[in-house]
Amino acid sequence: MELIHLKGTEDTPKIVLDKSAGLFEISGRSLPEDAAEFYQPILDWLEKYATQANSSTNFHFKLEYFNTASSKLILDVLSKLEAVPGANITWYYHEDDEDMEEAGEEFSELVDVPFEFQTY
Amino acid sequence: MKYIYDLHRTMLKQNLILVYEGEFTQEITKSVLAMAERNMDAFGEESGIKRKVFNVMVECLQNICKHAEGFDVEMYGHNSAIFMIGKHKDEYVITSGNAIANDRVSDMTRKLEQINALDKDGLKELYKEVIKNGSLSEKGGAGLGFIDMARKSGQKLSYDFEPINDHLSFFSLRTTISRSNNG
């Protein structure tokens, strides 16, 4: 599969989707003008990946900030991961960022994928 | 030229650290955010408070980008609106004002009344319900902005609609963020 490697900007997150290296990461800030358009290639990639997934997929979310439009799309990403056998999420949050911790907990209650929480 | 001094004094009196009036775009949003961040960094604002202010600012600014209507477009641009941040001893006050179509007033009032009637847990439930069952509007909004602002603020949202003409009303919104840590 082709790999996706997007550098983070001030309003879009860094994204790494690399099947052969086993790296799956969304990190940084997400407040794009058009969240649906920005996340569509990610959703397409994950749909394809689900049919040929590695035996385990550890997906890292290390977000500093995301807006509400992005939160809807992050839920879509997580929903795609429900279809990936052996997928699990590591949700990182800054140790004093209760809102990001709570956001992760809420997502974990909305989808059927194992979550692990880690502070940084 | 006295209006310059008057405006300056008004800003000082209202403790306004940033006012932007004009057309709103994603580029402007990023600039306004960067200015407010630098301002808060400069006096060493606590990171948790900074994050909440940033959060409410983004929702506020992107609401304007997506939903503000233009009036006298030739003179003022497509979505002329105003955005302000006031820094007081105990709180930040984030205010915005923009034109909206009159036929949206009752729907927005209902939404805001519903949000203001809920406590912390009620807002959390509403958020989860909307994120799960809602879909993105054609303008790309998730219908979560006001809910998120109320959650981050922990206080009621203040709002007002002032008639402009037969088609438009001026929508003002004020969100407060406490500067003490238990907020």
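By convention in this document, chain letters (A, B, ...) are assigned in the order of the sequence lines, proteins followed by strands, and residues within each chain are numbered from 1. We use all heavy atoms of the structure for the numbers below, so side chains are in, but hydrogens, waters and symmetry mates are not.
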Checking [X] against chain A: side chain, backbone, both or neither under 4.5 Å from a heavy atom?
X       : value
B:Leu33 : side chain
B:Glu27 : neither
B:Thr25 : neither

Do [X] and [Y] share a hydrophobic cluster (ILVMFWY, side-chain heavy atoms under 4.5 Å, transitive)?
X       : Y        : result
A:Leu43 : A:Leu3   : no
B:Leu61 : B:Met108 : yes
B:Val56 : B:Met35  : yes
A:Ile42 : A:Leu63  : yes
A:Phe66 : A:Tyr92  : no

Shortest non-hydrogen pair, B:Lys132 vs A:Leu75, comes out as CA-CD2, 4.2 Å
**Q.** Where A:Ser71 and B:Ile131 come nearest, the two heavy atoms and their spacing
**A.**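 In this case the closest contact between A:Ser71 and B:Ile131 is O-CD1, 3.5 Å.
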**Prompt:** Taking the side chain as C-beta and beyond, is there a heavy-atom pair between A:Arg29 and B:Phe54 under 4.5 Å?
**Reply:**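 Heavy-atom side-chain distance check passes, below 4.5 Å.
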Around atom [atom1] of [X], are there more than 12 heavy atoms from other residues, nucleotides or ligands closer than 6.0 Å?
X        : atom1 : value
B:Asn165 : CG    : yes
B:Glu125 : CD    : yes
A:Tyr120 : OH    : yes
A:Gln40  : CD    : yes
B:Tyr3   : OH    : no
B:Lys66  : NZ    : yes

Check B:Lys124 with A:Glu102, please: is the shortest side-chain N to carboxylate O separation under 4.0 Å? yes
Using a strict cut-off of less than 4.0 Å between a Lys/Arg side-chain nitrogen and an Asp/Glu carboxylate oxygen, indicate whether B:Arg51 and A:Asp97 qualify as a salt bridge.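 Yes, charged N to carboxylate O under 4.0 Å.
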Toward chain B, the part of [X] with a non-hydrogen atom under 4.5 Å:
X        : value
A:Leu110 : side chain
A:Ala35  : neither
A:Asp34  : neither

| message | Side chains of A:Asp11 and B:Gln26: any donor to acceptor distance under 3.5 Å? | response | yes
If we ignore angles and hydrogens, is there a donor and acceptor under 3.5 Å between the side chains of A:Thr68 and B:Tyr127?
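No, B:Tyr127 and A:Thr68 have no side-chain donor paired with an acceptor closer than 3.5 Å.
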Here the gap from B:Ser31 atom OG to A:Glu10 atom CD, rounded to the nearest 0.5 Å, amounts to 7.5 Å
- Any chance you could measure B:Glu59, atom CD, to A:Leu31, atom CG, to the nearest 0.5 Å?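 Reported value, rounded in 0.5 Å steps: 9.0 Å.
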Which of A:Glu109, A:Glu105, A:Glu106 passes salt bridge (charged side-chain N to carboxylate O under 4.0 Å, His left out) with B:Lys128? It is A:Glu109
Short side-chain to backbone donor-acceptor contact, A:Lys72 and B:Gly134, under 3.5 Å: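 Checked: pair present.
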